[in-house]
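Heads up: numbering here begins at 1 and tracks the sequence.
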Amino acid sequence: MNKSSSPKKSKLPFYLSLLLVAILVISYFAVPPVNDFFKEAWSVLTSDDEARVKKWVEDFGWFGPVVIVVAMIVQMFLLVIPTILLMIVSTLAYGPIWGSIINFTAVIIASSVGYAIGKYLGLSFIERLLGEKTTKKITTFIENYGFWAVVITRINPFLSNDAISFVAGILKMNYWKFISATAVGITPLILLIAITGQNTDSLKTGLLYGSIASLIVFGGYIWWDKKRRSVK
């Protein structure tokens with residue numbers, strides 16, 4: 001079949017994203033309550049005060065989970081608000097079970113949005129967002145290890161979750177492969193937070209050891225993979 005006759009990929013997700021951004025920007029400048037909300041959200045989420053953030057989320061009641069999901073998406077562009085903080089706050093505010101469900105849902109949605117941004121806005125936009133050097137490093141990482149590159153990035157709280165979503169989209173990695181790897185990687189981290197998240201000291205210890213363990217396992221995998229390739 002002639003390539004020119006192939007159906008073009010839909011640009012609807014791209015246009016909807018632009019429309020959403022435009023609505024938010026216009027609302028920020030034209031609607032005082034929206035402006036006040038964003039200012040308060042910025043102040044709270046960048047305060048590094050877990051008790052204050054927890055209280056702020058609890059005040060939303062049933063609407064709180066939506067705020068967590070939206071914050072998880074917005075934080076992809078606000079590096080001062082780490083994903084791990086939002087996951088901890090969700091666990092503190094809603095308990096280990098519901099907090100874990102909210103965290104899992106929020107990560108899947110945010111990861112999908114990041115993937116779509118990379119896929120539809122392309123390399124030049126992501127390089128401006130992440131930097132050319134970082135983008136190239138993550139590109140090489142995904143090209144070499146694919147599914148497992150996403151898994152290890154999700155499971156380790158100190159690696160860039162957002163960057164891996166953007167670059168996976170740029171590379172047009174199979175979406176279901178990407179989201180499955182995200183689910184596999186994020187589940188142990190969510191469970192770890194659910195188990196240790198009610199106590200700050202145990203949480204810090206758990207995250208530290210979990211991070212070290214995941215890096216050791218992945219380091220072993222890289223060693224095995226290089227050895228396997230050298231034999232071929």
Side-chain angles (χ1 to χ4, degrees), residues 12-121 125-126 129-130 153-154 157 160-169 175 178-179 182-183 185-187 189-190 193-194 197:
L12 181 60
F14 170 65
Y15 293 132
L16 288 177
S17 298
L18 284 182
L19 178 62
L20 177 59
V21 171
I23 291 173
L24 289 174
V25 171
I26 293 172
S27 298
Y28 176 81
F29 289 105
V31 183
V34 174
N35 182 284
D36 293 340
F37 172 79
F38 278 113
K39 285 182 178 179
E40 181 184 13
W42 174 266
S43 173
V44 172
L45 294 175
T46 58
S47 66
D48 199 28
D49 184 342
E50 290 181 13
R52 184 184 176 194
V53 177
K54 177 185 177 184
K55 175 65 166 56
W56 184 72
V57 173
E58 286 178 335
D59 287 343
F60 286 100
W62 67 268
F63 194 64
V66 177
V67 174
I68 293 291
V69 173
V70 173
M72 197 79 77
I73 295 171
V74 173
Q75 66 80 34
M76 291 190 293
F77 305 95
L78 304 174
L79 301 180
V80 294
I81 306 173
T83 301
I84 193 69
L85 172 61
L86 294 172
M87 294 172 70
I88 293 170
V89 167
S90 177
T91 301
L92 290 172
Y94 297 100
I97 296 177
W98 282 109
S100 296
I101 294 172
I102 293 169
N103 283 335
F104 185 84
T105 303
V107 169
I108 294 298
I109 293 175
S111 298
S112 298
V113 170
Y115 176 92
I117 289 172
K119 184 174 182 178
Y120 289 102
L121 297 188
F125 177 82
I126 300 303
L129 188 64
L130 302 178
T153 304
R154 298 300 184 197
S160 179
N161 279 268
D162 307 320
I164 204 81
S165 299
F166 293 139
V167 177
Y175 172 75
F178 163 75
I179 212 65
T182 294
I186 204 63
T187 298
L189 179 59
I190 289 175
I193 293 174

Contact summary for [X] and [Y], nearest pair of heavy atoms:
X      : Y      : answer
Gly185 : Arg154 : C-CB, 3.6 Å
Ala183 : Thr187 : O-OG1, 2.6 Å
Gly99  : Ser90  : O-OG, 3.3 Å

Heavy-atom side-chain contact between [X] and [Y] under 4.5 Å:
X      : Y      : result
Ser100 : Tyr94  : no
Thr105 : Ile102 : no
Tyr175 : Ser112 : yes
Phe178 : Ser165 : yes

Exercise for the section: Please confirm whether the backbone N or O of Met87 pairs with a side-chain atom of Asn103, one donor and one acceptor, at under 3.5 Å? Expected result: yes
Problem - Qualifying residue for side chain to side chain contact (heavy atoms under 4.5 Å, CB included) with Phe104, from Ile190, Ile109, Thr182 - result: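 Of all the options given, the one that passes is Ile190.
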Handout entry: Approximate separation, where rounding is to 0.5 Å, of Ile186 CD1 and Ser111 OG
Key = 7.0 Å
